[in-house]
Enquirer: 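Input: one structure, supplied below.
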Amino acid sequence: MAGVTLENVTKKFGDVVAVKEANLQVPDQEFLVLVGPSGCGKTTTLRMVAGLEDITEGTVKIGEDIVNHLPPKDRDIAMVFQNYALYPHMDVYNNMGFGLKLRKISRNEIGRRVEEAAGLLGIENLLNRKPAQLSGGQRQRVALGRAIVRNPQVFLMDEPLSNLDAKLRVQMRAELSKLHDRLKTTIIYVTHDQTEAMTMGDKIVVMKDGIIQQVDSPLTLYNEPVNTFVAGFIGSPAMNFLNVTLRWQEDDFVLDGEDFSLKLPETIVEQRPRVREYEEKEIIMGIRPEDLGDAQVEKEFRVDEDNTFLATVEVVEPLGSEISLYFTIGEKNGIARVDADSKAKVGDKIKMACNTRKVHLFDKDTEEAIR
């Protein structure tokens, strides 16, 4: 097995820069997820590692070897595609073993590898079926099995679950994570679904407009986003953003919005010394929906006059264990995930509580986190 290294990798299509100076180190056996909106450059980055796209500038290494000019077949990688790419006229056994047959692997060895991979994926009883006789989830397992039998140094996966229904996607996420634990191999996985990224990746790379924004563990990305893009992209529902002015009032800093005022806990200022530089300046406050609550029933954090504001309820979405409340505060829209005991109804003006210990602060001009 081997790690993957990208050094100042750039890809241009004419005058369009699809990926700009990407630097990335993927240690051996790591499950790395590339995530971002459509057109951010994540698939192009994966394809450059695979050798399916030429590199305009920079270096790609697999292990210690520079592979810029190696064809895909010589890179010792296996790729799993979004559309499965199975041969419709072949049964599952031959779909999984075809690549090995082309490499002149012996028939006995092909049989051993196919049966081993089929057992790992729970598809031993499907080996005689054609792809048309399989469900979407079964086809995806066959595509994974075809990659596994090759024993590659690196697995590359391009949105492999996007064609599955929601329930099967959740199931396959867990299966892929278990598979990674068993195989102990390097996986680079592309998705636009941040939930997939958060639940599967050892590390996550967030991309925007061809530029890597942040590389970190899922929890670090969630708790310490470097800018408003990462903060808004990671987390579901997305983080709420409000423009506020930082003021010093009666021995405390407060976040002063047009229609509310929240006391900033001392711990925030102690942990982020640069906050003091923004006194009397407009900044961006971010707060996640789960850190807001209906003050009448809030149980997770302290509620008092320093951390509440009035909001008008626009939409109520009961979700069983919780309720999503869409609200307005002045002319700004927001969303809160509140306790299922909330009795809020559309049109109500309710007191919304804010867990100010979880507030995120960003520079208004650069949109970078104030640390």
Enquirer: Just checking, any donor-acceptor pair under 3.5 angstrom between side chains of E282 and T245?
Expert: no
Enquirer: Working note: R337 + S324, criterion side chain to side chain donor-acceptor pair (under 3.5 Å); need CA distance, chi angles, decisive distance, verdict.
Expert: CA-CA 5 Å; R337 287 166 58 180; S324 287; 5.7 Å; no
Enquirer: Just checking, is any N or O donor in the side chain of K11 or T56 under 3.5 Å from an acceptor N or O on the other one?
Expert: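 Their side chains do not contain a donor-acceptor pair, so the 3.5 Å distance test is not met.
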Enquirer: Examine distances only and state if a side-chain atom of R169 and a backbone atom of L164 form a donor-acceptor pair shorter than 3.5 Å.
Expert: yes
Enquirer: If you take all heavy atoms of A336 and F327, which pair is closest and at what distance?
Expert: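 Heavy atoms only, the tightest pair is N-CE2, 3.9 Å.
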Enquirer: Check whether R139 reaches the backbone of P131 with its side chain - one donor and one acceptor, N or O, closer than 3.5 Å.
Expert: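 Between the backbone of P131 and the side chain of R139 there is a qualifying donor-acceptor contact (under 3.5 Å).
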Enquirer: Going through the distances and angles, do D91 and K130 end up as a salt bridge (Lys or Arg N to Asp or Glu O under 4.0 Å)?
Expert: CA-CA 4 Å; D91 61 20; K130 299 280 182 67; over 6 Å; no
Enquirer: Looking at every non-hydrogen atom in both residues, tell me the closest pair between P225 and V230 and how far apart they are.
Expert: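 Closest approach of P225 to V230, heavy atoms only: CB-CG1, 3.9 Å.
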Enquirer: Establish whether V17 and V9 are linked, either directly or via other cluster members, by ILVMFWY side-chain heavy-atom contacts under 4.5 Å.
Expert: no
Enquirer: Any ion pair linking K104 and E109 (charged N to carboxylate O, less than 4.0 Å)?
Expert: no
Enquirer: Could you tell me whether the side chains of E196 and Y189 share a donor-acceptor contact shorter than 3.5 Å?
Expert: yes
Enquirer: Indicate if L126 and I110 have the same hydrophobic cluster label, given that clusters are the connected sets of ILVMFWY residues with side-chain heavy-atom separations under 4.5 angstrom.
Expert: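 Result: yes, single cluster for both.
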Enquirer: Determine the minimum heavy-atom distance between G347 and T312, stating which atoms define it.
Expert: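 In terms of heavy atoms, the two residues are closest at O-CG2, 4.3 Å.
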Enquirer: Hey, does the side chain of D193 reach the backbone of T195 with a donor-acceptor pair shorter than 3.5 angstrom?
Expert: yes
Enquirer: Side chain to side chain contact (heavy atoms under 4.5 Å, CB included), that's the test. Do T10 and V19 meet it? Break it down for me.
Expert: CA-CA 5 Å; T10 295; V19 177; over 6 Å; no
Enquirer: Between I77 and I62, is any pair of side-chain heavy atoms under 4.5 Å apart?
Expert: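 Touching, per the 4.5 Å side-chain cut-off.
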Enquirer: Does a side-chain heavy-atom distance below 4.5 Å link F233 with Q194?
Expert: yes
Enquirer: State whether the side chain of K12 and the backbone N or O of K20 hold a donor-acceptor pair below 3.5 Å, judged by distance alone.
Expert: no
Enquirer: Look at the side chain of D252 and the backbone N and O of Q249, then say whether any donor-acceptor pair between them is shorter than 3.5 Å.
Expert: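 Such a contact is absent between D252 side chain and Q249 backbone.
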Enquirer: Under 4.0 Å between a Lys/Arg side-chain N and an Asp/Glu carboxylate O for K343 and D294?
Expert: no
Enquirer: Do L176 and I187 have side-chain heavy atoms sitting under 4.5 Å apart?
Expert: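 They are not in side-chain contact.
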Enquirer: More than 12 non-hydrogen atoms from neighbouring residues, nucleotides or ligands closer than 6.0 Å to CD on E64, yes or no?
Expert: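 At most 12 heavy atoms, drawn from other residues, nucleotides or ligands, come within 6.0 Å of this atom.
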Enquirer: For S135 and Q138, indicate whether the former's side chain and the latter's backbone hold a donor-acceptor pair under 3.5 Å.
Expert: yes
Enquirer: Using atom types as modelled and distance alone, determine if a side-chain donor or acceptor of H180 lies under 3.5 Å from a backbone N or O of Q29.
Expert: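 Yes: the side chain of H180 pairs with the backbone of Q29.
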Enquirer: Should we say atom CD of E331 is surrounded by more than 12 heavy atoms from elsewhere, each under 6.0 Å from it?
Expert: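 Open: at most 12 neighbouring heavy atoms sit under 6.0 Å from CD of E331.
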Enquirer: Does the side chain of K42 come within less than 4.5 Å of E159's, by heavy atoms?
Expert: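 Contact flag for E159/K42 side chains = yes.
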Enquirer: Parallel, tilted or perpendicular for F362 and H360, by the 30°/60° rule?
Expert: parallel
Enquirer: Tell me if the CZ atom of R107 is crowded by more than 12 foreign heavy atoms within 6.0 Å.
Expert: no
Enquirer: Check this for me: R371, atom CZ, are more than 12 non-hydrogen atoms of other residues, nucleotides or ligands nearer than 6.0 Å?
Expert: yes
Enquirer: I'd like to know if R113 and E116 make a salt bridge, using a cut-off of under 4.0 Å between side-chain N and carboxylate O.
Expert: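 A salt bridge is absent here (no side-chain N lies under 4.0 Å from a carboxylate O).
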Enquirer: Consider side-chain contact (heavy atoms from CB on, under 4.5 Å). Of R146, M90, R103, which one does F98 pass it with?
Expert: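 With F98 as partner, side-chain contact (heavy atoms from CB on, under 4.5 Å) holds for just one option, M90.
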Enquirer: With a 4.5 Å limit on heavy-atom distance, are the side chains of T356 and D291 in contact?
Expert: no
Enquirer: Pair V315, V346 - check side chain to side chain contact (heavy atoms under 4.5 Å, CB included), show working.
Expert: CA-CA 6 Å; V315 177; V346 173; 5.5 Å; no
Enquirer: Keeping the roles fixed (side chain from S342, backbone from V338), state whether a donor-acceptor pair exists under 3.5 Å.
Expert: no
Enquirer: Out of L46, V80, I188, which residue meets the side-chain contact (heavy atoms from CB on, under 4.5 Å) rule with D158?
Expert: L46
Enquirer: Please determine whether salt bridge (Lys or Arg N to Asp or Glu O under 4.0 Å) holds for the pair K351 and E305, giving the CA-CA distance in whole Å, both sets of side-chain angles, and the decisive distance to 0.1 Å.
Expert: CA-CA 10 Å; K351 188 177 280 190; E305 291 305 313; 3.1 Å; yes
Enquirer: Side-chain contact, heavy-atom cut-off 4.5 Å: Q296 with D341?
Expert: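 Sidechains of D341 and Q296: no contact.
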Enquirer: Any chance the side chains of N83 and N163 put a donor and an acceptor closer than 3.5 Å?
Expert: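 Checked: N83/N163 side chains show no N/O donor-acceptor pair below 3.5 Å.
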Enquirer: If you draw the axis of the six-membered ring of Y222, does the NZ or CZ of R288 fall within 45° of it and under 6.0 Å from the ring centre?
Expert: yes
Enquirer: Side-chain contact test, heavy atoms from C-beta onward, threshold under 4.5 Å: evaluate it for Q140 versus Y84 and give yes or no.
Expert: yes
Enquirer: Can you establish whether the number of heavy atoms outside N125 located under 6.0 Å from its atom CG is more than 12?
Expert: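 Atom CG in N125 is packed in, count exceeds 12.
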Enquirer: Say whether, by atom type as modelled, one donor and one acceptor occur between the side chain of T5 and the main chain of Q25 under 3.5 angstrom.
Expert: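 Side chain of T5 to backbone of Q25, a donor-acceptor pair under 3.5 Å: no, none is there.
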Enquirer: Which atom names give the shortest non-hydrogen contact between A197 and V33, and what distance separates them?
Expert: CB-CG1, 3.7 Å
Enquirer: Linking I/L/V/M/F/W/Y whenever any side-chain heavy atoms sit under 4.5 Å apart, do V149 and M157 land together?
Expert: yes
Enquirer: Are D202 and L32 side-chain neighbours, meaning at least one heavy-atom pair lies under 4.5 Å?
Expert: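 No - every pair of side-chain heavy atoms lies 4.5 Å or more apart.
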Enquirer: Would you tabulate the side-chain donor-acceptor contacts of residues 206-216 under 3.5 Å, counting partners in other chains and residues two or more places apart, or write 'none'?
Expert:
unit_1, atom_1, unit_2, atom_2, d
Q213, OE1, N227, ND2, 3.0
Q213, NE2, I211, O, 3.4
Q214, OE1, V226, N, 2.9
Q214, NE2, D216, OD2, 3.1
Q214, NE2, E224, O, 3.2

Enquirer: When rounded to the nearest 0.5 angstrom, what distance separates CG in D15 from CZ in F13?
Expert: 13.0 Å
Enquirer: Assess whether side chain to side chain contact (heavy atoms under 4.5 Å, CB included) is satisfied between I148 and L183, documenting all intermediate values.
Expert: CA-CA 9 Å; I148 290 168; L183 296 175; 4.0 Å; yes
Enquirer: Counting neighbours of CD on E279 that are heavy atoms of other residues, nucleotides or ligands and sit closer than 6.0 Å, is the number greater than 12?
Expert: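 Count over threshold, so yes.
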Enquirer: Might you point out which heavy atoms bring P218 and G201 nearest each other, and give the distance in Å?
Expert: CG-O, 3.3 Å
Enquirer: Start with the C-alpha distance between D339 and K299, add both sets of side-chain angles, then the distance that settles side chain to side chain contact (heavy atoms under 4.5 Å, CB included), and finish with yes or no.
Expert: CA-CA 8 Å; D339 192 277; K299 302 166 186 172; 3.7 Å; yes
Enquirer: Taking D348 for the side chain and V313 for the main chain, is one N or O donor matched with an acceptor at less than 3.5 Å?
Expert: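 No, because the side chain of D348 does not come within donor-acceptor range (under 3.5 Å) of the backbone of V313.
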Enquirer: Under a 4.5 Å side-chain heavy-atom rule over Ile, Leu, Val, Met, Phe, Trp and Tyr, are V170 and L168 clustered together?
Expert: no
Enquirer: Grab the two heavy atoms, one from I123 and one from R141, that are nearest each other, plus how far apart they are.
Expert: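 Shortest heavy-atom contact: CG2-CD, 3.6 Å.
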Enquirer: Could you check whether atom CD of E300 has more than 12 heavy atoms from other residues, nucleotides or ligands sitting under 6.0 Å from it?
Expert: no
Enquirer: Same cluster or not: V154 versus L52, using hydrophobic residues (I, L, V, M, F, W, Y) connected whenever any side-chain heavy atoms lie under 4.5 Å apart?
Expert: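 Yes.
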Enquirer: Does the side chain of T44 come under 3.5 Å of the side chain of E53 through a donor N or O and an acceptor N or O?
Expert: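 E53 and T44 do not have a side-chain donor-acceptor pair below 3.5 Å.
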